[in-house]
Amino acid sequence: MKQRHIIVLSICMFMIATWYVLLVIPTKQKFTELQNNLHNANVQISDFRKIMMIAPEFYETHEKIKRQKLQLSSQLYSKENLLSLFDELENMAEKNGLDVIEFTPSVEELLRINHQMPEDNKPQTLNIIVTLSGQLADIGTFVKGVESENFYQGVDFCRILNSVDGQINSNFVYGFKAVLGAIRKP
């Protein structure tokens, strides 16, 4: 009879151990996992609430910055800026006794600049080609004056053409980069 009790007790202990291993431990793990998920969800909801409280202010600030950027970019390149640049170059040529034959920014470049948003903290530049006629000393003074201006960014090329018939005046083709919107207002 004692042996029967030991067998029954062993079977019961085995069943309890099996029940504990198969049912209680996975249930505890699922419960712990659900608690962790619930905690993470509460943290996400808290973060979402904070974001939703800040969102209108952020959106308003974003729209304000967007409007300012559009306003500044519209000031960077305008027809007035380009015309004032050409007027400045023409005035400098006249002061040095030179005749302006033509200004030629390429149409492709003007269209590209017109449709391109300017990069942050980087001014828009335009390649300008000025064709002049005059004496070499005057041309040198003109180039020196252009290179000292705040719109001047750097030379692209320089070509001097003299005729064979001995004319005093030379034709001068000067290509340089100009910063748009950088003309000093008198």
Side-chain angles (χ1 to χ4, degrees), residues 30 32-96 98-132 134 138-160 172-186:
K30 283 186 180 181
T32 304
E33 186 179 325
L34 284 174
Q35 280 184 328
N36 289 338
N37 288 343
L38 182 63
H39 177 71
N40 290 340
N42 283 334
V43 167
Q44 286 179 345
I45 287 172
S46 175
D47 287 344
F48 180 72
R49 284 184 180 149
K50 288 177 186 174
I51 289 171
M52 291 309 292
M53 296 285 240
I54 295 172
E57 183 181 330
F58 173 78
Y59 180 74
E60 183 180 313
T61 304
H62 176 70
E63 288 300 312
K64 182 180 175 184
I65 290 171
K66 191 174 167 183
R67 284 190 303 270
Q68 286 176 341
K69 185 175 180 181
L70 285 173
Q71 181 184 11
L72 289 174
S73 67
S74 71
Q75 291 173 356
L76 283 178
Y77 170 62
S78 68
K79 181 176 66 171
E80 290 80 22
N81 287 338
L82 197 57
L83 291 175
S84 63
L85 175 64
F86 291 155
D87 286 342
E88 180 72 17
L89 290 171
E90 192 169 18
N91 289 338
M92 290 175 70
E94 286 176 10
K95 285 179 187 174
N96 291 300
L98 300 171
D99 295 324
V100 176
I101 297 173
E102 72 177 332
F103 296 113
T104 56
S106 70
V107 174
E108 294 86 15
E109 189 172 7
L110 289 174
L111 291 174
R112 178 186 55 82
I113 288 175
N114 209 19
H115 294 295
Q116 173 186 6
M117 283 298 286
E119 295 179 27
D120 293 341
N121 300 326
K122 202 172 184 185
Q124 287 183 314
T125 59
L126 179 67
N127 292 323
I128 305 256
I129 300 171
V130 181
T131 306
L132 303 166
D138 298 332
I139 290 172
T141 308
F142 171 80
V143 170
K144 184 177 178 183
V146 168
E147 290 177 354
S148 68
E149 289 292 327
N150 61 345
F151 61 80
Y152 181 78
Q153 191 70 20
V155 68
D156 286 336
F157 67 89
C158 176
R159 189 176 25 225
I160 299 174
F172 176 66
V173 182
Y174 184 56
F176 64 96
K177 285 189 188 307
V179 177
L180 295 178
I183 297 292
R184 293 185 206 128
K185 302 286 183 198

* **Those residues that, when tested against Glu102, pass side-chain contact (heavy atoms from CB on, under 4.5 Å) (two or more places apart)** => Thr104, Thr131

* Could you walk me through whether Cys158 and Phe176 pass side chain to side chain contact (heavy atoms under 4.5 Å, CB included), step by step? => CA-CA 9 Å; Cys158 176; Phe176 64 96; over 6 Å; no

* Asked: Is the number of heavy atoms from other residues, nucleotides or ligands under 6.0 Å of Phe157 CZ greater than 12?
  -> yes

Which donor-acceptor pairs under 3.5 Å do side chains of residues 39-56 form with protein atoms, sequence neighbours excluded?
unit_1: Asn40; atom_1: ND2; unit_2: Asn36; atom_2: O; d: 3.4
unit_1: Asn42; atom_1: ND2; unit_2: Leu38; atom_2: O; d: 3.4

* To do: Using the test side-chain contact (heavy atoms from CB on, under 4.5 Å), find all partners of Tyr59 that sit at least two apart in sequence or belong to another chain.
  => Glu63

* Name all residues meeting the side-chain contact (heavy atoms from CB on, under 4.5 Å) criterion together with Lys64; count only those two or more places apart in sequence or in a different chain, and write none if there are none. => Arg67, Gln68

* Spacing of CZ belonging to Phe151 relative to CG belonging to Leu89, to within rounding of 0.5 Å -> 4.5 Å

* To do: Can you measure from CZ (Phe103) to CD1 (Ile129) and round to the nearest 0.5 angstrom?
  => 12.5 Å

* Tell me, do Tyr174 and Val155 make a side-chain contact under 4.5 Å, heavy atoms counted? -> yes

* Asked: Looking only at heavy atoms, what is the nearest atom pair of Gly134 and Ile139, with distance?
  -> O-CD1, 3.7 Å

* To do: For residues Met92 and Val146, report the shortest heavy-atom separation together with the two atoms involved.
  => CE-N, 3.1 Å

* To do: Please step through side chain to side chain contact (heavy atoms under 4.5 Å, CB included) for the pair Val100 and Phe86, ending with a clear verdict.
  => CA-CA 10 Å; Val100 176; Phe86 291 155; over 6 Å; no

* Asked: Which value, rounded to the nearest 0.5 Å, describes the distance between Asp138 atom CG and Leu132 atom CG?
  -> 10.5 Å

* Would you please name every residue forming a ring-ring contact (aromatic ring centres under 6.0 Å, His included) with Phe142, sequence neighbours left out? => none

* Residues two or more places apart in sequence or in another chain: which of them pass side-chain contact (heavy atoms from CB on, under 4.5 Å) with Glu94? -> Glu90, Asn91

